[in-house]
Number of protein chains: 2
Amino acid sequence: MTKRVTIADIAERAGLSKGAVSYALNGQPGVSEATRQRVLRMALEMGWHPNSAAKALSGARSGAFGLVMARSPATLGIEPFFMKLISGMESAMAQSQTALLLQVVSDHDREIATYRRWWAERRVDGVFLLDLRCEDRRVPVLEELKLPAMVVGGPGHHGSLPGVWIDDVGAMVVVIEYLAALRHRRIARVAGVPGMLHTELRTQAFNEVTQRIGIEATTVSTDYTPDEGAQATRRLLSAATPPTAIVYDNDVMAVAGVSVAHEMGVDVPGELSIMAWDDSVLCEIVHPALSAVRRDITAYGTHLAEHLLALLDGQQVSDFENAPPRLVVRGSTARPTVGP
Amino acid sequence: MTKRVTIADIAERAGLSKGAVSYALNGQPGVSEATRQRVLRMALEMGWHPNSAAKALSGARSGAFGLVMARSPATLGIEPFFMKLISGMESAMAQSQTALLLQVVSDHDREIATYRRWWAERRVDGVFLLDLRCEDRRVPVLEELKLPAMVVGGPGHHGSLPGVWIDDVGAMVVVIEYLAALRHRRIARVAGVPGMLHTELRTQAFNEVTQRIGIEATTVSTDYTPDEGAQATRRLLSAATPPTAIVYDNDVMAVAGVSVAHEMGVDVPGELSIMAWDDSVLCEIVHPALSAVRRDITAYGTHLAEHLLALLDGQQVSDFENAPPRLVVRGSTARPTVGP
DNA sequence: CTGAAAGCGCTTACAG
DNA sequence: CTGAAAGCGCTTACAG
């Protein structure tokens, strides 16, 4: 096991040319079925795996997809979202022997530089674009490079690149209608980073549905960190007529919100209902456990990878909407006990 | 920008052979300084980047390190540890144009299969081995493959592979002595997965120091999930003489512990002090904020990558101990108000 | 100091 | 159905 086996070794042992072995191994026409079986058996026996560099160099694919995460060190790793997404991607990629190249950068400039370098180096066959913005400089770059890409987000604002998303608008409607049915009349929203498409879609839906139902609505923007989530909560609860329900744009800010409520002596859910957006194990471990909008992130990742693989196979890939989110009700939401 | 630039293009433009261009680009002797500068300028102008496959195939490195995470979907992504570690690794790898290949698998069998495949495919130049166990089947496999590897953990039990670790034993001594100084006399430990080296090292240190000081000690094993952390806490607090302090092996279990205390009406820190092991933003967002053992995980990752790069450069790489952890005291630890 | 050539391990037209 | 050969884009001894 100290030397790597090549197709030349197999060819020699089988008494064939390297070309014939290659055809056999790749299921190409040009060899008899008997020969193919013999070669496949030998390759397995000898522990052959294709040299990824040689395969890539001879025109085939590099066998890797790229994922760049542009985030500040502070927000890195606190949301379970990304590991789940990655895990879902890989379960689809494993079957086609595709690896995942991960790069963490500080901003979009470096992210774009990474795409250009990967393209020039032929490092990856395609990429996943995270955190789509309404005006996203990265989209035209990927279009220009003709680097196959799947956008994590939508609908809209992803140019000619195919997008995969989850229906945020519908979920927001469900959330607000539920809270309204519980007789909440003042609802606030602690939103994520402005300019991100899903933030804007949710804000727009929030505004529309609250206006339609006749609910007093407030939105506060944050950078997704628990620190800003806590500050936003303090500000909202310090108002003359504070909201009786707050909807947070992620799980960690909602957890921070519960802590602020404790700190200020505000009863959850008696005086304040709290709703988290991505459901996660975090929502279950705080007290009270948090009601949340649950999305199947692993399936999201799987769909993204499947579509990117299809794109490379030359198939027509269109946009795709995942299964809609579900509302998971736990102890943090209830009919308010304090009158308006 | 639609066609990739190769050294042949540069050679033609410069009126040189491909070999000369290669020497110039790689800082090898064999070209005059003037020629080298001219070639470097041209390469930059023309947007040249080496084709990673060609480079790898011609005997050089693949330019990638591999990281396999063997975890159940349930525990995936809840600890900020890994993203921080990865981020630290990449900051060192970026300078040497090395990419990170990430693979998520379900168990060690698949992890080992991944190492064998990566080796045969020449996919990676080296790997990082996570979650070292006392009896670790993966170590002899990497030794057999002669795949350069850095072990995340130690000291000990990593065979001939170099390890990088943080002093868990010393940290445990500091933690217990601190709690003892606060007059805690019954301390429990909610430990991670048995068989993991750092779990065993901490347990051993916990037993030794509590015995030396004369403290009543209990250890409960878990799988690191908040669910088991919560259950362990309930069991400990239901005892006839419950502990007045609990040390948890990660942050999410400590947060779960706080929730259980709330749920059972146990005052933190009055009746129960809670200490988390890895400090993270989670510890800051709960109420009360958690005292914790803080380790510089990003630096940990950076050291790991630096050492693996050095190993590939043929340097003598020995084991390395990171800067010791620090005790960060917040609101969850105090002198117990209830007598023993 | 420079050029021509072989080789890395594959794939793929092109002849037989 | 099969073999011999060129080529992918680099690196690196080997001659000049």
*Among D:dG3, D:dT12, C:dC10, which nucleotide sits nearest the side chain of A:S17?*
D:dG3
*Hey, is the main chain of A:A24 close enough, under 3.5 Å, to the side chain of A:R36 for a donor-acceptor pair?*
yes
*On DNA chain C, nearest-nucleotide positions of B:L57 versus B:G15: which is more 5'?*
B:G15
*Nucleotide nearest B:Q28 (side chain, heavy atoms from C-beta), chosen from D:dT12, C:dC8, C:dG9*: D:dT12
_Could you check whether any side-chain N or O of B:N322 sits under 3.5 Å from a backbone N or O of B:I166, counting only pairs where one atom can act as donor and the other as acceptor?_
no
_Base, sugar-phosphate or nothing for B:S22? Non-hydrogen atoms, less than 4.0 Å._
base
*asked:* Given the structure, check if the side chain of B:Y23 and the base of C:dA4 hold any donor-acceptor pair shorter than 3.5 Å.
replied: no
_Closest approach to the side chain of A:S32, judged atom by atom: which nucleotide of D:dT2, D:dG9, C:dA13 is it?_
D:dT2
*Go through C:dG9, C:dT11, C:dG3 for me and flag the one nearest to the B:L16 side chain.*
C:dG3
*When you check the gap from the basic side-chain N to the acidic O, do A:D313 and A:R61 get nearer than 4.0 Å?*
yes
*Establish, with yes or no, whether the OP1 or OP2 oxygen of C:dC8 is under 4.0 angstrom from a side-chain nitrogen or oxygen of A:N51.*
no
*Which of the following nucleotides, C:dC10, C:dT2, D:dG3, is nearest to the side chain of A:K55?*
C:dC10
